[in-house]
Structure formats: C-alpha cells, structure tokens
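Throughout, residue positions are numbered sequentially from 1 according to the sequence presented.
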Amino acid sequence: MVRLPLENRAPWLMNQPGLGHHVVGQVFEVDEAHVEALDRFEEVGQPTGYARVPLVLHAVDDPDTQLQAYAYMKQALQLTDDIPREGPFEEYTQSLAVGYWIRS
C-alpha cells in the first residue's frame, strides 16, 4: 500500500449526526465498479478506514434542491488524541491540501 508523505493531513468528515456545521463540497457520479474501487481505496470495513454513509444534500445555489449521495466518513472514536488536528473547516481548499499528494 502506498502511504502519503503527510497522511496525517488527510481530510476527515466525521460521522456525528447533529453536530458540526455545513460543509461545502463536490458531488461526482460514478458507476458501481468505481464505487467498489473507492471503497477499497478508502478502506471501508477496515479498522482505520472510512464508512460510506448515505446523505441528503442541498445545492448551495438552490437550497430547495435535494440530492441523495454518499460521503466517506470516519467515526468519532477514530480521532484519537495522538493524531494531529486542524479545523474543523467549512471547506477543504487547495491550500489545505498542500502536502497531501502521492509523488510519482
């Protein structure tokens, strides 16, 4: 498995219904084969992996428009005291992503 140089800067959505704040993001349509590949990449079902969680989303420019989607989220118990923290952030920007890339 390839590890990222600064993997501790990985963005986490936390699965804590009723807590936190709205997050701006992007939505992608993918077929079932790509969902399976994303599940493997996000280590769904593994102790340190993400869970794929169904969501109802609202468009920023039209809050009355709803969309059913999934997001990869961590459980709150996975955020232990030994993991460096930043945020929470309302949007994961390019400046936050610096260092979180696989170099080839």
**Q** Would you please name every residue forming a side-chain contact (heavy atoms from CB on, under 4.5 Å) with Gln66, sequence neighbours left out?
**A**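 Only Val56, His58 meet the side-chain contact (heavy atoms from CB on, under 4.5 Å) criterion with Gln66.
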
**Q** If you link ILVMFWY side chains whenever their heavy atoms are less than 4.5 Å apart, which other residues fall into the same cluster as Leu19? By chain and number, please.
**A**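 Answer for Leu19: none, a lone residue.
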
**Q** Please enumerate all residues that pass salt bridge (charged side-chain N to carboxylate O under 4.0 Å, His left out) together with Asp31, with sequence neighbours excluded.
**A**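 Residues passing salt bridge (charged side-chain N to carboxylate O under 4.0 Å, His left out) with Asp31: none at all.
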
**Q** List the residues meeting side-chain contact (heavy atoms from CB on, under 4.5 Å) with Leu79, not counting sequence neighbours, and say none if there are none.
**A** Trp12, Met14, Ile83, Arg85

**Q** Please list, chain by chain and in numerical order, all residues satisfying salt bridge (charged side-chain N to carboxylate O under 4.0 Å, His left out) with Arg52, sequence neighbours excluded.
**A** Asp39

**Q** Apart from Val24 itself, what residues make up its hydrophobic cluster when side-chain heavy atoms of I, L, V, M, F, W and Y under 4.5 Å apart count as a link, directly or indirectly?
**A** none

**Q** Quick one: closest heavy-atom pair of Gln78 and Gly49, and the distance?
**A** NE2-O, 3.0 Å

**Q** If hydrophobic residues (ILVMFWY) are linked whenever their side-chain heavy atoms come closer than 4.5 Å, directly or via other members, who joins Leu77 in its cluster?
**A**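 Answer for Leu77: none, a lone residue.
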
**Q** Could you tell me which residues satisfy side-chain contact (heavy atoms from CB on, under 4.5 Å) with Asp61, sequence neighbours excluded, listed by chain and number?
**A** Ala59

**Q** Listing request: all salt bridge (Lys or Arg N to Asp or Glu O under 4.0 Å) pairs with a residue in residues 67-77, at least two apart in sequence or in separate chains.
**A**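 Not a single pair qualifies under salt bridge (Lys or Arg N to Asp or Glu O under 4.0 Å).
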
**Q** What residues, two or more places apart in sequence or in another chain, satisfy side-chain contact (heavy atoms from CB on, under 4.5 Å) together with Ala71?
**A**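 Partners of Ala71 by the side-chain contact (heavy atoms from CB on, under 4.5 Å) criterion, ordered by chain and then number, come out as Leu13, Leu55, Met73.
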
**Q** Is there a chain of hydrophobic side chains (I, L, V, M, F, W, Y, each step under 4.5 Å between heavy atoms) that links Val23 to Tyr70?
**A** no

**Q** Any chain of hydrophobic side-chain contacts (each under 4.5 Å) joining Val53 to Leu38?
**A**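 No, separate clusters.
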
